[in-house]
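Step one of this worksheet: look at the structure below.
So you know, we letter chains A, B, ... as the sequences are listed, proteins then strands, and number each from 1.
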There are 2 protein chains.
Amino acid sequence: MAISEAQFLKDHDVHPTAQRLAVMRAISASPHATADHIFEIAGSDLGVISRQSVYDALSLLVASGLVRRIQPSGSPALYEDRVNDNHHHIVCRLCGTVRDVDCSVGLRPCLDADDTLGFEIDEAEVAFWGRCPSCLASGRVASALDPSTDRRQAKRSSAVPQYHPDQNR
Amino acid sequence: MAISEAQFLKDHDVHPTAQRLAVMRAISASPHATADHIFEIAGSDLGVISRQSVYDALSLLVASGLVRRIQPSGSPALYEDRVNDNHHHIVCRLCGTVRDVDCSVGLRPCLDADDTLGFEIDEAEVAFWGRCPSCLASGRVASALDPSTDRRQAKRSSAVPQYHPDQNR
DNA sequence: TCAAGTATTTTGACTCATTCAAAATATTGA
DNA sequence: TCAATATTTTGAATGAGTCAAAATACTTGA
Ligand SMILES: [Mn+2]
Ligand SMILES: [Mn+2]
Ligand SMILES: [Zn+2]
Ligand SMILES: [Zn+2]
């Protein structure tokens with residue numbers, strides 16, 4: 001309900017404007033959404049909002065600890081309201097799907113690097129990469145999110161001898 | 001020496017062109033360099049090289065497993081030639097310095113997520129965030145790399161009453 | 001040795017996600 | 001109500017790449 005959401009922001013010293021509330025709601029409603037997606041949702045919620053307001057709200061919410069920003073390689077930043085529980089993410093290389101992975105006992109050790117080299121560590125960010133169940137099932141095979149895929153292939157017009165045959169195997 | 005470097009690329013089915021060798025050398029000489037930095041180094045090495053060739057060489061080298069690309073949040077991609085040893089990185093939030101962290105026994109467990117949600121995991125990427133020794137020493141305090149820092153501050157011209165006093169504490 | 005077929009590099013335009021700066025509005029407290 | 005402050009909007013600009021096509025270079029079979 002509206003009142004409690006506004007109160008929630010206030011409790012964290014964030015003045016609850018219409019735009020900020022809409023952004024917050026959009027994030028809660030669809031975790032791991034991009035700024036663009038949030039802009040769409042908040043827009044259809046409020047009627048109209050500027051992209052800049054979305055970015056402003058996002059950085060304010062992140063700065064005040066109400067929202068977490070994650071930035072998987074090759075994807076725009078994603079936002080979620082699950083904060084302070086140090087959970088991790090698993091990303092599908094084929095379709096980009098992101099899922100939460102709880103920080104299990106087995107994973108906890110991640111938090112202390114063996115030799116911290118004199119750094120003062122405040123966060124250990126773990127991203128697992130692989131293929132999601134549905135991509136596995138459908139046997140999909142490569143995509144823009146797979147960093148090991150070279151996207152600039154030579155045009156191979158005929159089957160005649162190649163310059164360097166097994167270069168792109 | 002040149003010959004052995006060319007041979008090294010050949011052994012991995014990468015035709016050793018001048019540009020690719022220069023890029024490879026630049027990476028070896030300065031680990032965790034950006035594409036732009038590599039462009040500079042390779043350029044001063046070869047005399048001239050196009051930015052596109054640098055990107056082409058980089059993606060070919062990454063695709064063929066000779067080079068690893070890492071993408072810390074808020075930074076352009078970084079390249080290094082330490083591959084296949086699954087080491088991790090520690091990044092300074094203040095100055096952006098990146099250091100290698102060996103994957104110690106204590107860290108290994110990171111590699112198997114407790115519940116993989118049906119994903120087939122092929123990589124666990126771990127990034128530690130914090131403050132490096134020299135930033136700690138110099139008492140530096142915030143920067144562009146710190147995601148918890150809001151970069152769009154209100155202009156606070158006078159010391160008179162604030163709209164929402166402790167919002168940006 | 002040449003020519004055709006490939007591979008590679010260069011050039012320049014373009015995209016995307018995000019940020020910057022300034023103008024326009026809204027809100028506050030005196 | 002007014003001035004100060006906060007917030008939102010607007011529109012331009014940026015950085016890090018990618019795309020497409022033209023220019024060059026290399027290889028191989030005739
Ligand atoms: Mn999450
Ligand atoms: Mn490294
Ligand atoms: Zn998938
Ligand atoms: Zn530092």
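- Listed pair A:Arg51 / D:dT8 fails the phosphate criterion, with no side-chain N or O lying under 4.0 Å from OP1 or OP2.
- With sequence neighbours left out, A:Ser44 forms a side chain to side chain contact (heavy atoms under 4.5 Å, CB included) with no residue at all.
- With rounding to whole Å, B:Gln52 atom CD is found 16 Å from C:dC14 atom P.
- Of all the residues in residues 37-50 of chain A, A:Ile49, A:Ser50 reach under 4.0 Å from DNA chain D with at least one non-hydrogen atom.
- D:dT9 atom C1' lies 16 Å from atom OH of A:Tyr55, rounded to whole Å.
- In the set D:dT7, D:dC26, D:dT9, D:dC26 carries the atom at the smallest distance from any side-chain atom of B:His15.
- Shown here are the side chain to side chain contact (heavy atoms under 4.5 Å, CB included) partners of B:Ile41, two or more places apart in sequence or in another chain: B:Ala26, B:Ser30, B:His37.
- For A:Leu46, the side chain to side chain contact (heavy atoms under 4.5 Å, CB included) partners two or more places apart in sequence, or in a different chain, are A:Ala18, A:Gln19, A:Ala22, A:Ile49.
- Between the OH atom of A:Tyr79 and the P atom of C:dA17 there is a distance of 12 Å, given to the nearest Å.
- The interatomic distance linking A:Leu60 (CG) with C:dT19 (P) rounds to 14 Å, in whole Å.
- Ring geometry for B:His32 versus B:His89: interplanar angle over 60°, hence perpendicular rather than tilted (30 to 60°).
- A straight line from CG of B:Leu21 to P of C:dT8 spans 13 Å, rounded to a whole angstrom.
- Rounded to a whole Å, the CG atom of B:Leu78 is 11 Å from the P atom of D:dA16.
- Every residue two or more places apart in sequence or in another chain that forms a side chain to side chain contact (heavy atoms under 4.5 Å, CB included) with B:Glu120 is listed here: A:Arg131, A:Leu136.
- For C:dT8, neither phosphate oxygen OP1 nor OP2 lies less than 4.0 angstrom from any side-chain nitrogen or oxygen of B:Ser53.
- The nucleotide whose nearest atom lies closest to any side-chain atom of B:Thr17 is, among C:dG12, D:dG17, C:dT8, C:dT8.
- Taking A:Ser50 as the reference, A:Ser53 meet the side chain to side chain donor-acceptor pair (under 3.5 Å) condition, with sequence neighbours excluded.
- Summarising the geometry, the separation between CZ on B:Arg69 and P on D:dG17 is reported as 8 Å, rounded to the nearest angstrom.
- For A:Gln19, taking side-chain heavy atoms from C-beta onward, the closest of the listed nucleotides C:dT18, D:dT9, C:dG12 is D:dT9.
- Put simply, the side chain of A:Ser28 reaches to within 4.5 Å of the side chain of A:Met24, judged on heavy atoms.
- Regarding A:Asp36, its CG atom lies at a distance of 9 Å from the P atom of C:dT18, rounded to whole Å.
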